[in-house]
Peer 1: 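Just dropping this structure here.
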Amino acid sequence: MTRRERMERRRDRRLDWAASRDRKAESALRGAKTIADGIPLGQPILVGHHSEKRARRDAERIHTGMAKGFESMDMASHHRARADGIDHQLATSIFTDDPDAPERLREKIAALEARRARMKTINKEIGKGAGWEERLAAAGLSLTEKEKTDLLNVARF
């Protein structure tokens with residue numbers, strides 16, 4: 001079994017776990033709603049009445065059911081996020097058993113070298129001092145929002 005296949009199986013397991021947690025959440029929330037629907041809105045617990053024990057027990061069951069439901073929803077979200085991460089890895093990774101692995105590696109190297117050359121040019125212009133934004137614009141280079149934010153964060157120190 002290849003690494004890609006193992007990752008796909010892991011992703012599928014995560015998605016199955018997420019679906020299972022969704023069913024558990026739905027069941028727990030439905031049970032809590034069923035109990036809550038039997039209590040009139042705003043009905044206080046009648047202290048000393050024969051129904052007090054049942055009312056307190058129902059309130060606890062509602063609370064527990066809602067807590068379990070939301071916990072299961074959070075776990076389903078967690079499993080989906082992990083499955084998305086595995087999908088991203090599958091989409092961006094180059095595996096040795098891929099038939100086009102050498103070509104993809106060459107493309108990746110070329111893209112990284114182009115990015116490095118661009119960043120060297122940008123750093124050189126910034127290092128010259130004031131007016132670097134105009135010089136970059138004249139050279140046809142612009143910074144992405146993330147690069148501007150990163151630059152401003154570094155400049156504060």
Side-chain angles (χ1 to χ4, degrees), residues 1-116 118-119 122-123 126 133 136 141-157:
M1 178 178 294
T2 65
R3 184 161 191 257
R4 178 181 292 280
E5 291 169 342
R6 286 193 307 270
M7 288 178 77
E8 288 170 348
R9 286 182 61 194
R10 196 171 348 135
R11 179 201 55 209
D12 293 342
R13 271 196 315 265
R14 288 282 184 176
L15 292 175
D16 289 345
W17 293 343
S20 172
R21 283 301 195 144
D22 282 335
R23 288 189 299 274
K24 286 180 183 179
E26 183 181 336
S27 175
L29 293 173
R30 191 177 338 107
K33 184 179 183 324
T34 302
I35 296 170
D37 286 346
I39 301 171
L41 190 63
Q43 174 69 40
I45 293 177
L46 304 172
V47 178
H49 193 264
H50 72 298
S51 64
E52 177 184 4
K53 185 175 181 181
R54 181 183 176 100
R56 292 191 188 280
R57 190 174 59 239
D58 285 347
E60 184 60 32
R61 285 182 181 155
I62 291 169
H63 177 74
T64 303
M66 296 293 278
K68 284 182 180 180
F70 286 117
E71 179 184 344
S72 290
M73 286 171 63
D74 288 344
M75 283 304 296
S77 174
H78 167 75
H79 288 307
R80 259 189 228 92
R82 296 294 296 262
D84 288 344
I86 294 171
D87 271 340
H88 177 73
Q89 287 178 351
L90 285 169
T92 58
S93 296
I94 302 171
F95 297 94
T96 57
D97 58 344
D98 287 345
D100 61 342
E103 182 58 34
R104 288 184 63 197
L105 283 170
R106 285 185 201 94
E107 290 171 1
K108 187 172 185 175
I109 290 169
L112 289 171
E113 286 176 347
R115 182 171 183 256
R116 180 181 61 189
R118 177 180 172 274
M119 291 310 296
I122 289 172
N123 286 338
I126 291 173
E133 290 174 318
L136 285 178
L141 296 172
S142 63
L143 296 176
T144 64
E145 288 301 316
K146 183 180 181 330
E147 290 170 340
K148 287 179 185 176
T149 304
D150 291 345
L151 182 63
L152 292 173
N153 287 338
V154 170
R156 288 184 191 157
F157 293 110

Peer 1: Please answer whether the main-chain N or O of Thr144 pairs with a side-chain N or O of Glu147 as donor and acceptor at a distance below 3.5 Å.
Peer 2: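 A pair under 3.5 Å: yes.
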
Peer 1: Enter the distance from Thr64:OG1 to Arg61:CZ here, rounded to the nearest 0.5 Å.
Peer 2: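 One finds 9.5 Å between OG1 of Thr64 and CZ of Arg61.
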
Peer 1: Check for a donor-acceptor pair, side chain of Glu52 on one end and backbone N or O of Gly48 on the other, with a separation under 3.5 Å.
Peer 2: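 Checked: pair present.
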
Peer 1: Enter the distance from Asp58:CG to His63:NE2 here, rounded to the nearest 0.5 Å.
Peer 2: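 Those atoms lie 14.5 Å apart.
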
Peer 1: Show me the donor-acceptor pairs within less than 3.5 Å that the side chains of residues 107-116 make with the rest of the protein, sequence neighbours left out.
Peer 2:
none

Peer 1: For atom CZ of Arg54, decide whether the heavy atoms of other residues, nucleotides or ligands shown that lie under 6.0 angstrom number more than 12.
Peer 2: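 Count not over threshold, so no.
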
Peer 1: To the nearest 0.5 Å, tell me how far Leu143 CG sits from Ile122 CD1.
Peer 2: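 Rounded to the nearest 0.5 Å, the CG-CD1 separation comes out at 5.0 Å.
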
Peer 1: Is it the case that atom CE in Met73 sees more than 12 heavy atoms from other parts of the structure closer than 6.0 Å?
Peer 2: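 No, the 6.0 Å shell around CE holds no more than 12 heavy atoms from other groups.
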
Peer 1: How close do Arg21 and Ala76 get, counting heavy atoms only, and between which atoms?
Peer 2: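 For Arg21 versus Ala76, the nearest heavy atoms are CB-CB, 3.7 Å.
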
Peer 1: Pairs under 3.5 angstrom only: tabulate donor-acceptor contacts from the side chains of residues 22-34 to other protein residues two or more places apart or in another chain.
Peer 2:
unit_1, atom_1, unit_2, atom_2, d
Asp22, OD1, Arg80, NH2, 3.3
Asp22, OD2, Arg80, NH2, 2.1
Glu26, OE2, Arg30, NH2, 3.4
Lys33, NZ, Asp37, OD2, 3.0
Thr34, OG1, Arg30, O, 2.8

Peer 1: side-chain contact (heavy atoms from CB on, under 4.5 Å), that's the test. Do Arg56 and Val47 meet it? Break it down for me.
Peer 2: CA-CA 10 Å; Arg56 292 191 188 280; Val47 178; 4.0 Å; yes

Peer 1: Provide the closest heavy-atom pair for Ser51 versus Leu46 in the form atom of the first, atom of the second, distance.
Peer 2: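 Smallest interatomic distance, heavy atoms only, reads OG-CD1, 4.4 Å.
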
Peer 1: Would you give the length of the straight line joining atom CG of Asn123 to atom CZ of Arg118, rounded to the nearest 0.5 angstrom?
Peer 2: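 Rounded to the nearest 0.5 Å, the CG-CZ separation comes to 10.0 Å.
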
Peer 1: Minimum heavy-atom separation for Arg4 and Leu90, please, with both atom names.
Peer 2: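 Heavy atoms only, the tightest pair is NH1-O, 3.6 Å.
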
Peer 1: Report, as yes or no, whether the 6.0 Å neighbourhood of atom CE on Met75 holds more than 12 heavy atoms from other residues, nucleotides or ligands.
Peer 2: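 It does: Met75 CE has more than 12 such atoms within range.
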
Peer 1: Which pairs count as ring pair (Phe, Tyr, Trp, His ring centres under 6.0 Å) when at least one residue sits in residues 28-48, sequence neighbours excluded?
Peer 2: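 Sorted pair list comes back empty.
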
Peer 1: Kindly state each residue pair satisfying salt bridge (Lys or Arg N to Asp or Glu O under 4.0 Å) with at least one member in residues 5-19, sequence neighbours excluded.
Peer 2: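 Only Arg11-Asp87 qualify under salt bridge (Lys or Arg N to Asp or Glu O under 4.0 Å).
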
Peer 1: Sort and list the pairs that fulfil ring pair (Phe, Tyr, Trp, His ring centres under 6.0 Å) and have at least one residue in residues 66-95, not counting sequence neighbours.
Peer 2: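 Those involving residues 66-95 are Trp17-His79.
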
Peer 1: Residues two or more places apart in sequence or in another chain: which of them pass salt bridge (charged side-chain N to carboxylate O under 4.0 Å, His left out) with Lys53?
Peer 2: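 Scan of Lys53 (salt bridge (charged side-chain N to carboxylate O under 4.0 Å, His left out), adjacent residues dropped) gives none.
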
Peer 1: Testing the basics here: between Ile45 and Ala55, what is the closest heavy-atom pair and its distance to 0.1 Å?
Peer 2: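 Here Ile45 and Ala55 meet closest at CG1-CB, 4.0 Å.
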
Peer 1: Measure from the side-chain N and O atoms of Ser72 to the backbone N and O of Lys68, and report whether any donor-acceptor pair falls under 3.5 Å.
Peer 2: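 Checking the backbone N and O of Lys68 against the side chain of Ser72, a donor-acceptor pair under 3.5 Å is found.
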
Peer 1: Indicate yes or no: at least one non-hydrogen side-chain atom of Arg3 is less than 4.5 angstrom from one of Asp97.
Peer 2: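 A side-chain contact is absent here, since even the closest heavy-atom pair is not under 4.5 Å.
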
Peer 1: Nearest 0.5 Å please: distance from the CE atom of Met66 over to the CD1 atom of Ile35.
Peer 2: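 These two atoms lie 11.0 Å from each other.
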
